[in-house]
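Reminder, nothing fancy here: chain letters follow the sequence lines and each chain counts from 1.
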Amino acid sequence: MQFETLPGFREFYPEACARRNHIFNRWRHVARAFNFLEYDAPVLEPLELYIEKSGQEIVGQLFNFEDRGGRAVALRPELTPSLARLIGAKANSLKRPVKWFNIGENYRYERPQKGRLRAFYQFNVDIFGEPGPSADAELICLLTQALQAFGLGSNDFKVRLSDRDLWLLMLAAEGLDEAGSATVLSIIDKLERTERAKTVERLSSVMGEDAEDFLSRIEEVIAIRDFETLRAYILNLPLEGDLADQAKARIGNWEKLLRHLKAAGAGEFIQIDLGIVRGLAYYTGFVFEAFEASGEGRALAGGGRYDALVQKLGGPDIPAVGFAMGDVTLADLLDGKSLMPAYMQRPEFIAIIGGADERDAALGDAAQLRALGYQVEYPLKDSGFGKQFKAANQSGARFALIYGSEELERSAVKVRDLGNGNEAEIPRDQLIRQVPALLESGIE
RNA sequence: GUGGCUGUAGCUCAGUUGGUUAGAGCACUGGUUUGUGGUACCAGGGGUCGCGGGUUCAAGUCCCGUUAGCCACCCCA
């Protein structure tokens, strides 16, 4: 019986595993550089957790089943609900701000296609307990630095920055209530991939005859790319009283955010683009998406503020902002730009062994080096020198340790720098001591 | 969930109007004197031609179904 991998799932042969870990390592390294703490959560959760957050429709997109105890459960499609529960349970005792990150696999029962599988890894980064824009800025900085850590620059990706609060103010100025605004936001979210006529039709359910003009006003806003224009536009809205104050305060938050981003060196990546609203209803303030600057413009990461979600999921009232980045589109992008390093699992040393006595010597030295944590390989069976040198070159090892009868007679080992072909003979009892210098500067 | 394209060795592919035992390159294994840079030479393993059915004396080849992959929709936490 031949079994095949389930659709949308991947197997990670060593090379693929090394690529995956390369991505994980960079993510983790950058998160730690910002002093985010790593946490983890269960892969299997009560189905209710997701229905509560996203509604009954979500079930069709989950891997869900009934366990032996009769519980309705689901593989997690995302981490945020679990995280909200973790936070909620300990919110009162956690030192704020809470800065946490996770790297984990998520599962969605969808049709696999380019950049989208049924099992994929996500880098989740969140801050809880800080309502001000400095938290949003911290996350966006982390996001840009994480992408830069792979060698991507401002020609490769941008972060589109938008603000649902600003939209709510603009829509309030249009006379829309909360429900109407929510409808309009979901239409704006689909704007890019919908025909204009279709959009007008959808908008007319809210704006009636005015839909055409309304859409023109929306397009005008979405076209704004610089902050001064945005500020002027917002401050000139026909808002009064409390709403006018909110607009001023909001512009103040924008100023803080942009100043912070600029000071931290992330300014060149930021693109103001109110066309981003994120489909999800739970986002409450700044929202952002990192996307490929050239080509397709696929989303690499997305996030924003979700101040009400923890409470909705049964926790305390605590502000939150976060983003998630997937491994699939990122790996596609890195492949396309030849930024995925090769040869990532290779030994530091590989022994070349002449015969039985030489093998004893090699095994002894290898054992010592391995005990110190050096990566050492040797051939498991006897074969000719020619073959062994070839294998050594192909292994990607930095050094060959050559154990031949001549060297052994002198209680020495010949070390060959496989990078440049230079060789040096080292007394075996000095090998361990000289290894750090060898690894540092090779053989001249 | 809908539609289009594609499935021959681990990979990239060839395979004549349907015709004998399905091939090549790369990769892999072993060897060519047991001492030096990815070489060369020899040999070998590996395929129920995605799967099932049909047409035919005969199917990798034609037809139908199915499944998987890719792409575009839908959706995208």
Side-chain angles (χ1 to χ4, degrees), chain A residues 1-11 13 15 45 49-55 57-62 74-84 106-118 120 122 124 126 186 189-190 192-195 198 277-283 287 289 296 298-299 301-304 306 309 312-313 322-326 328-329 332 343 350 352-359 379 381-397 399-408 414-423 425:
Chain A
M1 182 75 190
Q2 184 80 37
F3 294 102
E4 291 179 351
T5 318
L6 255 17
F9 283 73
R10 288 170 290 175
E11 289 166 309
Y13 284 85
E15 196 186 329
E45 289 277 17
L49 182 63
Y50 303 111
I51 296 177
E52 181 63 29
K53 184 196 164 206
S54 310
E57 320 79 63
I58 194 72
V59 177
Q61 295 172 62
L62 296 178
L75 287 171
R76 65 181 182 204
E78 58 165 331
L79 193 62
T80 305
S82 308
L83 173 59
N106 297 286
Y107 309 88
R108 297 179 189 175
Y109 199 90
E110 293 179 298
R111 186 95 170 216
Q113 53 178 279
K114 188 168 184 61
R116 208 164 75 179
L117 301 172
R118 286 182 172 177
F120 54 94
Q122 270 191 350
N124 274 263
D126 297 271
S186 77
D189 181 50
K190 295 175 172 57
E192 271 188 0
R193 43 183 195 271
T194 309
E195 286 173 37
K198 181 96 181 176
V277 295
R278 309 281 297 155
L280 306 177
Y282 66 74
Y283 282 114
V287 289
E289 265 181 27
E296 323 269 292
R298 290 196 63 89
Y306 53 101
L309 187 65
K312 184 185 175 193
L313 292 174
F323 74 81
M325 169 158 31
V328 183
T329 44
D332 282 351
Y343 253 160
I350 183 163
I352 289 175
I353 299 170
D357 291 341
E358 291 84 356
R359 177 168 291 272
K381 63 180 177 186
D382 299 327
S383 72
F385 274 97
K387 269 241 153 96
Q388 292 193 57
F389 274 106
K390 194 164 162 182
N393 287 319
Q394 288 178 342
S395 75
F399 299 98
L401 300 175
I402 303 164
Y403 293 88
S405 54
E406 298 164 25
E407 289 83 359
L408 205 57
K414 189 182 278 181
V415 183
R416 180 182 177 85
D417 187 327
L418 293 171
N420 57 21
N422 295 334
E423 296 183 344
E425 192 163 294

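Only the C1' atoms considered, B:rG3 is 47 Å distant from B:rG44, to the nearest whole Å. Only the C1' atoms considered, B:rA59 is 27 Å distant from B:rC70, to the nearest whole Å. On the C1' atoms, B:rU67 is 10 Å away from B:rG52, given to the nearest whole Å. For B:rG47 and B:rU8, the C1' atoms lie 8 Å apart once the distance is rounded to whole Å.
Comparing B:rA77, B:rA68, B:rC70 by their nearest atom to the side chain of A:Leu62 picks out B:rA77. With B:rG35, B:rC73, B:rA77 as the choices, the nucleotide that has an atom nearest any side-chain atom of A:Gln61 turns out to be B:rA77. For A:Lys190, the listed nucleotide lying nearest its side chain is B:rC75; candidates were B:rG31, B:rC75, B:rG3.
Pair assignment for B:rC5 gives B:rG69, based on Watson-Crick or G-U wobble hydrogen-bonding distances that are each under 3.5 Å.
One can place CD of A:Glu407 at 17 Å from P of B:rU34, the figure rounded to the nearest angstrom. At whole-Å resolution of the value, OH in A:Tyr282 and P in B:rC76 are 12 Å apart. What separates CD of A:Glu15 from P of B:rG10 is a distance of 18 Å, to the nearest Å. A:Arg111 has its CZ atom 13 Å from the P atom of B:rA72, to the nearest Å. Spacing between atom CG of A:Leu117 and atom P of B:rG69 amounts to 10 Å, rounded to whole angstrom units. Rounded to an integer number of Å, the gap from CZ of A:Arg10 to P of B:rG69 is 13 Å. A:Asn420 has its CG atom 18 Å from the P atom of B:rU36, to the nearest Å. If you take CG of A:Asn422 and C1' of B:rU36, they are 13 Å apart, rounded to a whole angstrom.
With A:Tyr109 as the aromatic partner, A:Arg118 meets the cation-pi criteria of under 6.0 angstrom to the ring centre and within 45 degrees of the ring axis.
For A:Lys390 and B:rU39, the shortest distance from a side-chain N or O to OP1 or OP2 is below 4.0 Å.
For the side chain to side chain contact (heavy atoms under 4.5 Å, CB included) criterion with A:Ile402, the lone passing option out of A:Gln388, A:Arg416, A:Glu358 is A:Arg416.
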